[in-house]
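Report on the structure given below.
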Amino acid sequence: MEFVTETLGKRVHDPYVEDSRCILIPGPIIVGSGPSGLATAACLKSRGVSSLILERSTCVASLWQLKTYDRLRLHLPKHFCELPLMPFPSSYPTYPTKQQFVQYLESYAEHFGLKPVFNQTVEEAKFDRRCGLWRVRTVGGKKDETTEYVSRWLVVATGENAEEVMPEIDGIVDFAGPILHTSSYKSGEMFREKKVLVVGCGNSGMEVSLDLCNFNAHPSLVVRDSVHVLPQEMLGMSTFGISTSLLKWFPVQVVDRFLLRMSRLVLGDTDRLGLVRPKLGPLERKIKCGKTPVLDVGTLAKIRSGHIKVYPELKRVMQHSVEFVDGRVDNFDAIILATGYKSNVPMWLKGMNMFCEKDGFPRKPFPNGWKGESGLYAVGFTKLGLLGAAIDAKKIAEDIEVQRNLLPILAHPQHC
Ligand SMILES: Cc1cc2nc3c(=O)[nH]c(=O)nc-3n(C[C@H](O)[C@H](O)[C@H](O)COP(=O)(O)OP(=O)(O)OC[C@H]3O[C@@H](n4cnc5c(N)ncnc54)[C@H](O)[C@@H]3O)c2cc1C
Ligand SMILES: NC(=O)C1=CN([C@@H]2O[C@H](COP(=O)(O)OP(=O)(O)OC[C@H]3O[C@@H](n4cnc5c(N)ncnc54)[C@H](OP(=O)(O)O)[C@@H]3O)[C@@H](O)[C@H]2O)C=CC1
Ligand SMILES: O=C(O)C(=O)Cc1c[nH]c2ccccc12
C-alpha cells in the first residue's frame, strides 16, 4: 500500500512510475490486445487519454494470428468489421482474408501508436476499495516474474473466445489418432486421404469440414442438436447486411421468417441433410442464446454430394472408431473438436458482480454490458462480433474521458 501512496504523492507527473514491479498507470489498463482492446485504446488516444494494454501473447490479435485456419476470411462484409476511426483499405475485397485482416489490425496499432506489453498474462485483478484503484497482477516476461499494475480504470478486452471448449467424451483418452481443437487446425494438408471426425457444426466445424474435402480427406460432421445455416448472400447482397437493414423496420420474428424463406429458396431443405433447424429463428436465437447462425461458404454442397457425412451426437470413442447415439459405428483416423470457445474472465477478475461467474459474460446484455462499477468496463462481449466491439469501444472511451476530466485523481491523491 505504501507504494501507491508514495507514487501518487511524489511522482504525480511521471507517465509510468516503476517501483519493485509495482507500476502505477495514470490512464486505463486494458486487458487483451485483440480488436476490442486495440479499438478501445485508439478511441481513448483520439480523446487524449493514454492507456496500457496487457497481452498474454506475443502479438496483437493473437486469436487471428495464432489460432485460426489458413482459409479463413471475414464472413461479414468488411464495413461491418471495421474498427473505429480507421476504415479498411479500399483495395480490400468485400470479405478480407485472414492475412488482410491481421495486416489491417497491425497498421491500426501502428497508426495510433499502440504498444501493448506482451507476455503479460493477467492472473488476478481486483478493486482496492481503500484507495479506489484497480490492482492487476500479471505473470510473464523474461523471467516469468510477477508484476502489479495499478490504475483507476480497468477495461476487460479478453474476448468471447479466450479459451477452447474441450468436451468430456466417453473413451476419448483411448483414441489412437490425433485429437485437436479447431484453434490448432491450419489446413487439411496433414489429413489427405484420412477419415476425420469433426465434432461441432458452428461456423468453424462447417468450414473445417469443407477445407478437409478440398485436401481430399474424408470428413464426417457431428451435429448433436440443431443448427441454422443461411446463405452468405441473397439477392446479390450479404445476408447480414439485409438482416441489419430489415431489423430497423421490422420485428426480429418477421425478419427471421424472411431469412428462412430465402434460405429455403437458395439452399433447399437443410433438415433433410441432417441439419435440423432450431425452433427459434436465426436472429432471435443469436440475440437470446448467443448462437451464431452458420453462413454457408460451400459446405452444404459437399454434404449434399456425400463428400461430408453427417452424424448425430457421439456416444463413445474407442481406439480407432466412434459409436454414435443412433447406434452406428465408424472408423476414424483423427478427431477435430470444433466445439467453440469460452470467456476466461471468472478465472482472473475477482470480487465484481458485473460478470456472470458461469459464462464469463457481463450480466447485462448488449447494449448495456459495457460499463460496470468502480471504473470497470467490458468491450467485445456483445455476441455481435467486431461490430459490437466497435460500438463498446467508442462508449467506453467517451465515458473515461468524461470521468478523467471530472475527477483528476492525480491532483487529489487518496490515502490507502
Ligand atoms: C475463427 C473465428 C472467426 C471469426 N470471424 C469473425 C468475423 O468474420 N466477423 C466478426 O465480427 N467476428 C468474427 N469472429 C469473432 C471474434 O470474436 C472477433 O473477430 C474478434 O477477434 C473479437 O475480438 P476481441 O478483441 O474481443 O477478442 P480476441 O480477438 O479473442 O482478443 C482477446 C485478447 O486477449 C488476450 N487475453 C485473453 N486472456 C488474457 C489474460 N488473462 N491476460 C492477458 N491477455 C489475455 C488474448 O490473448 C487475445 O489476444 C471470429 C472468431 C473466430 C474464432
Ligand atoms: N469466417 C468467420 O466469420 C468465422 C466465424 N467464426 C465465429 O467464431 C465463433 C466460434 O465459432 P465456433 O468455433 O464454430 O464455435 P461455436 O460455439 O459457434 O460452435 C460450437 C459447436 O460445437 C458444438 N458442440 C459443443 N460441444 C459439443 C459436444 N460435446 N458434442 C458435439 N457438439 C458439440 C455446439 O453445439 P450446440 O450448438 O448444440 O451447443 C456447436 O455446434 C463464432 O462466433 C463464429 O461465428 C468461426 C469460424 C469462421
Ligand atoms: O462471427 C461472429 O461470431 C459474429 O458474431 C458475427 C456474426 C456472424 N454471423 C452473424 C449473424 C448474426 C449476428 C452476428 C453474426
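Predicted model only: the values in this text are computed from it and were never measured. Atom set for the values below is all heavy atoms of this structure, side chains included, hydrogens, waters and symmetry mates excluded. Note that ligands are numbered from 1 as they come in the structure, with each ligand's atoms numbered from 1 the same way.
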Tyr92 and Tyr104 aromatic centres sub-6.0 Å: no
Within the 4.0 Å heavy-atom sphere of ligand 2, strictly under, residues: Tyr69, Leu72, Arg73, His75, Pro167, Val199, Gly200, Cys201, Gly202, Asn203, Ser204, Glu207, Arg224, Asp225, Lys291, Thr292, Ala338, Thr339, Gly340, Tyr341
Closest non-hydrogen atom pair, Pro231 against Leu295: O-CD2, 3.9 Å
Closest non-hydrogen atom pair between Pro26 and Trp153, with its separation: O-CZ3, 3.6 Å
CA sep, side-chain torsions, deciding dist, call: Tyr311, Asp330, side chain to side chain donor-acceptor pair (under 3.5 Å): CA-CA 10 Å; Tyr311 277 110; Asp330 204 348; 2.6 Å; yes
Ligand 1: which protein N/O atoms lie under 3.5 Å from its N/O atoms?
unit_1	atom_1	unit_2	atom_2	d
ligand 1	8 (O)	His75	N	3.1
ligand 1	11 (O)	Leu386	N	2.7
ligand 1	17 (O)	Asn161	ND2	2.8
ligand 1	19 (O)	Trp64	NE1	3.3
ligand 1	21 (O)	Trp64	NE1	3.0
ligand 1	25 (O)	Pro35	N	3.2
ligand 1	25 (O)	Ser36	N	2.9
ligand 1	25 (O)	Ser36	OG	3.3
ligand 1	26 (O)	Ser36	OG	2.6
ligand 1	38 (N)	Asn344	ND2	3.0
ligand 1	41 (N)	Val122	O	3.2
ligand 1	42 (N)	Val122	N	2.9
ligand 1	44 (N)	Arg56	N	3.1
ligand 1	47 (O)	Glu55	OE2	2.7
ligand 1	47 (O)	Arg56	NE	2.9
ligand 1	47 (O)	Ser62	OG	3.1
ligand 1	49 (O)	Glu55	OE1	2.8
ligand 1	49 (O)	Glu55	OE2	3.2
ligand 1	49 (O)	Ser62	OG	2.8

For ligand 3, find each of its N or O atoms that sits under 3.5 Å from a protein N or O atom, and tabulate the pairs with distances to one decimal place.
unit_1	atom_1	unit_2	atom_2	d
ligand 3	5 (O)	Lys286	NZ	3.2
ligand 3	5 (O)	Gly385	N	3.2

Residue pair Tyr95 / Gln232, side-chain donor-acceptor N/O under 3.5 Å: no
Worked check of salt bridge (Lys or Arg N to Asp or Glu O under 4.0 Å) between Arg71 and Glu207: CA-CA 9 Å; Arg71 59 159 284 141; Glu207 197 163 357; 3.0 Å; yes
Identified side chain to side chain donor-acceptor pair (under 3.5 Å) counterpart of Arg21 within the set Thr147, Thr138, Thr146: Thr147
Over 12 foreign heavy atoms within 6.0 Å of [atom1], [X]:
X      : atom1 : result
Lys126 : NZ    : no
Gln99  : CD    : yes
Glu373 : CD    : no

Partner of Leu212 by side chain to side chain contact (heavy atoms under 4.5 Å, CB included), out of Leu221, Ile336, Ile308: Ile336
Stepwise side-chain contact (heavy atoms from CB on, under 4.5 Å) test for Cys22 and Val150: CA-CA 7 Å; Cys22 188; Val150 180; 4.1 Å; yes
Contact list for residues 242-268, test side chain to side chain donor-acceptor pair (under 3.5 Å), sequence neighbours left out: Gln253-Glu284
